[in-house]
Amino acid sequence: MYRSEDEKLTDVMIGEAVLTLLKSDKPVSSNALIAQLEQMAADADDNAKVSVIRKAITEVRNGMVAARKRVQADGTERDKNTHRMNSDGPPDGSKKH
């Protein structure tokens, strides 16, 4: 809610890159987004705009790293869990419900 102007501009650049990908019928992925942002930075003639685009690229990359860590953590949590499902059915004498 209390975002700085730089953070708002970074979000705008990411949004512009996503819209460009969508309009050109390209797949929208983190790698495609980074490539589009890099193209936007190369085409920009304003140093301030290039700086904001570079921050947007960093934000997308940081999001990729965070997502990768979440996936890895999920995998290790699943390995620790004991799965109680088997084909034996309920123990004798127990109620179904």
Side-chain angles (χ1 to χ4, degrees):
M1 186 178 235
Y2 300 104
R3 297 173 55 85
S4 72
E5 194 64 29
D6 270 356
E7 291 172 321
K8 290 177 186 177
L9 290 173
T10 298
D11 289 346
V12 168
M13 289 298 119
I14 291 172
E16 283 184 24
V18 169
L19 285 173
T20 301
L21 290 170
L22 290 171
K23 286 180 182 178
S24 61
D25 287 329
K26 293 181 182 175
V28 178
S29 67
S30 297
N31 289 327
L33 185 55
I34 290 171
Q36 182 60 43
L37 287 165
E38 287 173 344
Q39 183 62 49
M40 290 168 62
D43 294 343
D45 54 356
D46 181 12
N47 285 338
K49 188 172 183 176
V50 171
S51 175
V52 170
I53 294 170
R54 293 282 172 218
K55 287 179 186 176
I57 291 169
T58 300
E59 187 171 316
V60 173
R61 285 189 176 138
N62 289 343
M64 290 171 65
V65 169
R68 203 172 296 127
K69 285 181 181 178
R70 277 193 308 271
V71 168
Q72 289 172 348
D74 274 353
T76 57
E77 280 300 314
R78 268 191 227 121
D79 293 343
K80 291 179 186 175
N81 292 336
T82 303
H83 298 285
R84 297 177 190 248
M85 297 181 72
N86 57 34
S87 60
D88 295 339
D92 291 334
S94 67
K95 293 184 178 181
K96 225 177 180 180
H97 298 281

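Values below: every heavy atom of this structure, side chains too, minus hydrogens, waters and symmetry copies.
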Shortest non-hydrogen separation from [X] to [Y] and the atoms involved:
{"X": "K55", "Y": "D6", "answer": "NZ-OD2, 2.7 Å"}
{"X": "V60", "Y": "S30", "answer": "CG1-O, 4.0 Å"}
{"X": "L37", "Y": "M13", "answer": "CD2-O, 3.7 Å"}
{"X": "V50", "Y": "A41", "answer": "CG2-O, 3.7 Å"}
{"X": "P27", "Y": "A32", "answer": "O-CB, 3.4 Å"}

Gap between atom [atom2] of [Y] and atom [atom1] of [X] - 0.5 Å precision:
{"X": "E16", "Y": "L21", "atom1": "CD", "atom2": "CG", "result": "12.0 Å"}
{"X": "R54", "Y": "T58", "atom1": "CZ", "atom2": "OG1", "result": "8.5 Å"}
{"X": "I57", "Y": "Q36", "atom1": "CD1", "atom2": "CD", "result": "10.5 Å"}
{"X": "M40", "Y": "I14", "atom1": "CE", "atom2": "CD1", "result": "10.0 Å"}

Check this for me, if you would: do E38 and R61 make a salt bridge, where the nitrogen-to-carboxylate-oxygen distance has to be below 4.0 angstrom?
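Salt bridge between E38 and R61, a charged N being under 4.0 Å from a carboxylate O: yes.
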Do S51 side-chain atoms and N47 backbone N/O form a donor-acceptor pair below 3.5 Å?
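The answer is no, because no donor-acceptor pair under 3.5 Å joins these two groups.
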Carefully, step by step, assess Q39 and T20 under the rule side chain to side chain contact (heavy atoms under 4.5 Å, CB included).
CA-CA 11 Å; Q39 183 62 49; T20 301; over 6 Å; no
Might you work through the side chain to side chain contact (heavy atoms under 4.5 Å, CB included) test for R68 and Q72, ending with a clear yes or no?
CA-CA 6 Å; R68 203 172 296 127; Q72 289 172 348; 4.3 Å; yes
